[in-house]
Amino acid sequence: MYYIAVENHFDAAHFLRGYQGKCENLHGHRYKVAVKVSSATLNETGLVIDFREIKDALKPVIDRFDHTLLNDVPPFDQINPSAENLARTIFEAIKPAIHGAVLESVMVWESPESWAEYKPQVG
Ligand SMILES: Nc1nc2c(c(=O)[nH]1)N=C([C@H](O)[C@H](O)COP(=O)(O)OP(=O)(O)OP(=O)(O)O)CN2
Ligand SMILES: [Zn+2]
């Protein structure tokens with residue numbers, strides 16, 4: 001298998017509803033996002049798919065969240081803007097734009113030490 005990944009980042013504020021502790025208060029992160037794509041074979045150019053295809057899929061999603069209060073931006077007006085929910089939301093948003101390879105997972109870092117990954121269950 002071949003695996004490729006593209007990273008991007010955005011800055012946003014959030015708070016966790018129902019959280020007992022400091023994260024119930026408004027605060028911000030520089031979120032890092034990584035999108036991982038795989039394929040068993042390479043195309044005629046020797047690529048899984050062009051990094052550009054992943055970058056183009058990810059950019060509009062990042063732009064929707066950049067410099068916002070995430071709690072005001074759907075779906076995070078309804079569900080908590082945790083790293084886990086961000087990873088799943090980004091995965092589902094970019095999936096229709098990834099063709100000819102498998103969208104494996106999306107990872108979201110809230111800080112250099114803390115990250116969540118969403119990968120759909122098989123079966
Ligand atoms: N499983 C998760 N746990 C937590 C999340 C999350 O998205 N998924 N998010 C938070 C908060 O957003 C918080 O900003 C991060 O909390 P925490 O690591 O406790 O705080 P710091 O980054 O300031 O790290 P310190 O080690 O306290 O300096 C909480 N948990
Ligand atoms: Zn936080």
Side-chain angles (χ1 to χ4, degrees):
M1 286 298 284
Y2 300 94
Y3 295 90
I4 62 172
V6 162
E7 296 180 5
N8 202 336
H9 70 270
F10 63 95
D11 299 290
H14 81 154
F15 59 89
L16 293 180
R17 305 172 189 96
Y19 185 92
Q20 309 284 310
K22 62 182 180 179
C23 301
E24 66 185 330
N25 301 320
L26 181 63
H27 62 281
H29 297 286
R30 167 156 287 202
Y31 289 94
K32 186 170 95 169
V33 179
V35 176
K36 189 170 163 188
V37 171
S38 74
S39 177
T41 58
L42 301 182
N43 66 20
E44 62 284 356
T45 319
L47 313 177
V48 170
I49 55 171
D50 194 330
F51 288 137
R52 172 54 49 197
E53 193 176 325
I54 306 172
K55 288 179 187 178
D56 289 348
L58 183 56
K59 182 72 169 42
V61 184
I62 295 278
D63 286 348
R64 218 157 57 76
F65 298 147
D66 193 30
H67 285 79
T68 65
L69 170 57
L70 289 172
N71 298 67
D72 288 344
V73 181
F76 305 114
D77 54 342
Q78 303 292 328
I79 60 172
N80 253 346
S82 63
E84 292 90 329
N85 278 333
L86 272 159
R88 193 187 70 253
T89 298
I90 295 168
F91 184 102
E92 288 168 356
I94 65 174
K95 188 159 176 45
I98 304 297
H99 307 285
V102 177
L103 176 57
E104 286 283 340
S105 72
V106 168
M107 297 177 71
V108 172
W109 283 257
E110 276 198 348
S111 72
E113 302 87 22
S114 307
W115 54 267
E117 180 173 22
Y118 177 72
K119 182 179 170 75
Q121 275 188 316
V122 181

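If you read the sequence from its start, that first residue is 1, and numbering goes on from there.
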Trainee: Looking at every non-hydrogen atom in both residues, tell me the closest pair between E117 and A87 and how far apart they are.
Mentor: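 So the two residues come closest at C-CB, 4.4 Å.
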Trainee: Give, for atom OG of S105 and atom CZ of R88, the distance between the pair rounded to the nearest 0.5 Å.
Mentor: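 One finds 14.5 Å between OG of S105 and CZ of R88.
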Trainee: Of the non-hydrogen atoms in V61 and A57, which two are nearest, and what is the gap between them?
Mentor: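 Closest approach of V61 to A57, heavy atoms only: CG2-O, 3.7 Å.
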Trainee: Given 3.5 Å as the limit, does a donor-acceptor pair link the side chain of R64 with the main chain of P74, or not?
Mentor: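 Yes; judged by distance alone, with no hydrogens or angles, the pair exists.
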Trainee: Give a yes or no answer on whether the side chain of N43 reaches the backbone of T45 with a donor-acceptor pair at less than 3.5 Å.
Mentor: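 Flag set: sc N43 to bb T45 pair under 3.5 Å.
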Trainee: Do L16 and Y118 sit in one hydrophobic cluster, given that two such residues count as connected whenever their side-chain heavy atoms are within less than 4.5 Å of each other, even indirectly?
Mentor: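 Looking at the clustering, Y118 is in a separate group from L16.
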Trainee: Show the nearest heavy-atom pair for residues A13 and L26, with the distance to one decimal.
Mentor: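 Here A13 and L26 meet closest at CB-CD1, 3.9 Å.
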Trainee: So do the side chains of D11 and D66 get within less than 4.5 Å of each other, counting heavy atoms only?
Mentor: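 Yes; the side chains approach each other to less than 4.5 Å.
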Trainee: Would you compute the distance between atom CG of L58 and atom CG of N8 and round it to the nearest 0.5 angstrom?
Mentor: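 Atom-to-atom, L58:CG and N8:CG are 5.0 Å apart.
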Trainee: Pick one: which of I4, V48, V102 meets side-chain contact (heavy atoms from CB on, under 4.5 Å) with S39?
Mentor: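 Passing option: V48.
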Trainee: If you take all heavy atoms of A5 and F51, which pair is closest and at what distance?
Mentor: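 For A5 and F51, the tightest heavy-atom pair comes out as O-CE2, 3.9 Å.
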Trainee: What's the spacing between F15 CZ and H27 NE2 if we round to 0.5 Å?
Mentor: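 Atom-to-atom, F15:CZ and H27:NE2 are 10.5 Å apart.
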Trainee: Do F76 and I94 share a hydrophobic cluster, counting only Ile, Leu, Val, Met, Phe, Trp and Tyr and linking them when any side-chain heavy atoms are less than 4.5 Å apart?
Mentor: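 Hydrophobic grouping puts F76 with I94.
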Trainee: If hydrophobic clusters are built from ILVMFWY residues whose side chains come within less than 4.5 Å, do V37 and L47 share one?
Mentor: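 The answer is no; the residues belong to distinct hydrophobic clusters.
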Trainee: Okay, side chain of H14, backbone of L70: is any donor-acceptor separation there less than 3.5 Å?
Mentor: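 No: the side chain of H14 does not pair with the backbone of L70.
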Trainee: Looking at CZ of F65 and OH of Y31, how far apart are the two atoms once the value is rounded to the nearest 0.5 Å?
Mentor: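 Taking CZ in F65 and OH in Y31, the distance rounds to 10.0 Å.
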Trainee: Looking only at atom types and distance, does a side-chain atom of E53 sit under 3.5 Å from a main-chain N or O of H99, one as donor and one as acceptor?
Mentor: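 The answer is yes, because a donor-acceptor pair under 3.5 Å joins these two groups.
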Trainee: Restricting to non-hydrogen atoms, name the atom on K32 and the atom on E7 that form the minimum distance, rounded to 0.1 Å.
Mentor: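 Distance-wise, the nearest heavy atoms are NZ-OE1, 3.6 Å.
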Trainee: Indicate, with yes or no, if V35 and Y3 share a hydrophobic cluster defined by side-chain heavy-atom contacts under 4.5 Å among Ile, Leu, Val, Met, Phe, Trp and Tyr.
Mentor: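 No.
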Trainee: How long is the span from the CG atom in L86 to the CZ atom in F10, to the nearest 0.5 Å?
Mentor: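 Reported value, rounded in 0.5 Å steps: 5.0 Å.
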Trainee: Looking only at atom types and distance, does a side-chain atom of R17 sit under 3.5 Å from a main-chain N or O of P81, one as donor and one as acceptor?
Mentor: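 No, R17 side chain to P81 backbone: no donor-acceptor pair under 3.5 Å.
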Trainee: Under a 4.5 Å side-chain heavy-atom rule over Ile, Leu, Val, Met, Phe, Trp and Tyr, are I79 and V33 clustered together?
Mentor: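 Same cluster.
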Trainee: Measuring from atom CD1 of I54 to atom CG of L103, what distance do you get when rounded to the nearest 0.5 angstrom?
Mentor: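 Output value for this atom pair is 8.5 Å.
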